[in-house]
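Atoms considered below: every heavy atom in the structure, side chains included; atoms not considered: hydrogens, waters and symmetry mates. All ligand and atom numbering here is 1-based and tracks the order in the structure.
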Amino acid sequence: MDHFKIGAAEVVRIEETMVHFDGREFFPDLTESVLQEHAAWLAPFFDIPGFRMPCVFQSFVIRYGTLDVLVDTCIGNHKERPDFLLAHRLDTPYLARLHAAGLRPEDIDIVLCTHLHVDHVGWNTRLDNGRWVPTFPNARYVFSREEYARYAPENLVPGAPPPFFDVYQDSVLPIVESGQASMVSGEHALNEIMTVVPTPGHTPGHIGLRVQHDGRSAFFLGDAIHSPIQIAVPDLNSSFCEDQALARASRHRLLSEAADRGSLIVPGHFVAPHVGHVARDGAVYRFLPAGSNRGSAE
Ligand SMILES: [Zn+2]
């Protein structure tokens with residue numbers, strides 16, 4: 001779904017691009033037999049015969065009153081990513097799609113990066129006469145303090161290769177230098193309906209966003225969950241999860257909360273319908289994609 005509501009808050013989805021990952025590389029512990037066991041419901045969300053995981057790169061803009069909050073900024077255009085070819089020198093009409101949704105970069109009040117991986121910070125900046133400048137000139141960019149700390153030059157281990165050096169240089173540092181970065185720690189209220197919540201594991205300082213209004217709730221999960229198969233098999237980590245035990249613990253906690261509260265889940269990379277609900281089925285969880293009987297988003 002490209003539009004949905006959480007009480008009076010409206011959410012607009014902006015897609016950047018889509019790829020298929022090798023499922024065995026993405027989920028090293030995922031087996032053929034597990035895929036077959038879940039094939040009946042999983043087929044729309046996973047290329048089971050090809051063992052490939054479809055992955056959408058997308059942002060969500062939450063519009064509430066006069067506030068526009070953009071969650072995650074995808075890969076970005078023209079970034080040099082020779083070690084990660086799907087992100088290398090991308091050139092997509094992302095900003096045109098933002099315009100088509102009725103939003104200008106100037107309208108965005110808050111940018112929230114769930115973490116600082118390459119596909120969540122790209123549109124933080126755009127190329128302007130050879131310089132990387134903030135794409136959203138009026139926004140406060142919210143970063144997790146713990147997440148930022150591991151990339152900051154003052155915290156790098158002498159002699160060790162810096163993690164994601166290029167990403168930091170072109171997509172994070174210009175925001176800090178422009179004075180638009182806002183580091184948050186622990187639970188942090190953005191306003192009366194939106195709260196930043198620590199969800200560590202995929203990365204050490206990974207954060208999510210809980211939105212609650214008028215009896216409705218949603219949880220923007222970032223990369224705590226990449227694929228619906230992880231709802232049925234919550235212990236399944238991606239090869240990109242940096243702290244495997246913590247990633248599992250956060251995923252279990254988020255699924256439990258989503259099931260108990262009836263929250264809409266808004267993960268970073270799900271294919272259509274992109275969002276849904278979580279139901280308990282005995283000791284396990286089931287995914288209820290939006291638009292299915294119990295999965296409508298409003
Ligand atoms: Zn991601």
Here the vertex angle at the Zn ion (ligand 1) for NE2 of H269 and NE2 of H120, given to 10°, is 100°
For OD2 in D119 and OD2 in D223, the angle at the Zn ion (ligand 1) (nearest 10°) is 160°
Note to self: Applying side chain to side chain donor-acceptor pair (under 3.5 Å) to Y94 and S59, what does each step give before you reach the verdict?
What the structure shows: CA-CA 10 Å; Y94 176 91; S59 300; 2.6 Å; yes
- Message: Any salt bridge linking R97 with E16? Criterion: basic side-chain nitrogen under 4.0 Å from a carboxylate oxygen.
- Response: no
**Study point:** Ring-ring centroid check F26 H226, cutoff 6.0 Å
**Key:** yes
From C55, does some N, O or S atom reach closer than 2.8 Å to the Zn ion (ligand 1)? no
- Decide, counting backbone as well as side-chain atoms, whether H115 has an N, O or S atom less than 2.8 Å from the Zn ion (ligand 1). no
Would you check if the distance from the ring center of H269 to the ring center of H120 is below 6.0 Å?
yes
